[in-house]
Amino acid sequence: MAFNSPRGRTQASLSDINITPFVDVVLVLLIIFMLTAPILESGVQVDLPKTTTVKVTSEEKVVVTITKKEEIYVGNDPVNIHRLGVTVLDHLKGAGNQPVFIRCDQNASFGAFAKVVEALKQTNLTNLNIVTEPQEIKNGG
């Protein structure tokens with residue numbers, strides 16, 4: 001499309017899209033996601049033992065975590081060992097047959113793990129699962 005100017009010359013209209021505002025918005029969103037991503041990580045950081053058999057689940061479940069310092073968490077909330085069973089039942093809304101996942105730091109003592117399992121079994125929670133990380137399998141070569 002051309003416009004007639006007062007001097008008789010024609011000027012081409014600008015049909016290019018200015019992408020600078022779009023790039024600015026995308027970069028701001030990228031920075032926001034980069035800053036909030038570490039906050040969104042759920043759970044307490046533990047060094048899980050590695051096994052070759054790992055079942056991946058994407059469903060939201062009740063997770064009991066035992067740290068290296070033998071602190072116990074249900075989700076992200078610290079819990080006393082004496083209140084563990086009741087707290088887990090509250091998270092399960094009384095349905096004791098639903099699975100409970102136990103994440104235990106590999107440097108925590110086995111005694112701490114055994115106490116957690118015992119506390120859960122005392123409240124009739126029997127569907128207990130141990131969370132591990134997949135072990136890297138090296139190809140022979």
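For reference, positions follow the sequence shown, starting with 1.
- Here Lys115 contributes atom NZ and Ile66 contributes atom CD1; the two are 11.0 Å apart, rounded to the nearest 0.5 Å.
- Side-chain contact between Thr67 and Ile72 is absent, with no heavy atoms from C-beta onward closer than 4.5 Å.
- Here the straight-line distance linking atom CG of Leu125 with atom CG of Leu92 works out to 6.5 Å at 0.5 Å rounding.
- The neighbour count for Ile19 CD1, taken as heavy atoms of other residues, nucleotides or ligands under 6.0 Å away, does not exceed 12.
- Atom-to-atom distance recorded for Phe101:CZ and Ile130:CD1 is 11.5 Å, nearest 0.5 angstrom.
- Taking the side chain as every heavy atom from C-beta outward, Val100 and Val64 approach each other to under 4.5 Å.
- Here the straight-line distance linking atom NE2 of His82 with atom OG1 of Thr87 works out to 12.5 Å at 0.5 Å rounding.
- Residues Asp105 and Lys68 approach most closely at CB-N, 3.6 Å, considering heavy atoms.
- Hydrophobic cluster membership differs between Leu84 and Val86, with clusters built from Ile, Leu, Val, Met, Phe, Trp and Tyr side chains linked at under 4.5 angstrom.
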Go through the steps to decide whether Phe113 and Ile102 satisfy the test side chain to side chain contact (heavy atoms under 4.5 Å, CB included), and finish with yes or no. CA-CA 9 Å; Phe113 175 78; Ile102 303 172; 3.7 Å; yes
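- Proximity of Glu71 to Pro78: side-chain heavy atoms (C-beta onward) are nowhere separated by under 4.5 Å.
- Criterion: ILVMFWY side-chain heavy atoms under 4.5 Å apart, direct or through other members. Under it, Ile32 and Phe22 are not part of a common hydrophobic cluster.
- Looking only at side-chain heavy atoms (C-beta outward), Val116 and Ile81 come within less than 4.5 Å of each other.
- Interatomic distance, NE2 of His91 versus NZ of Lys61, reported as 14.5 Å (0.5 Å rounding).
- To the nearest 0.5 Å, atoms CG (Asp24) and CG (Leu29) are separated by 11.0 Å.
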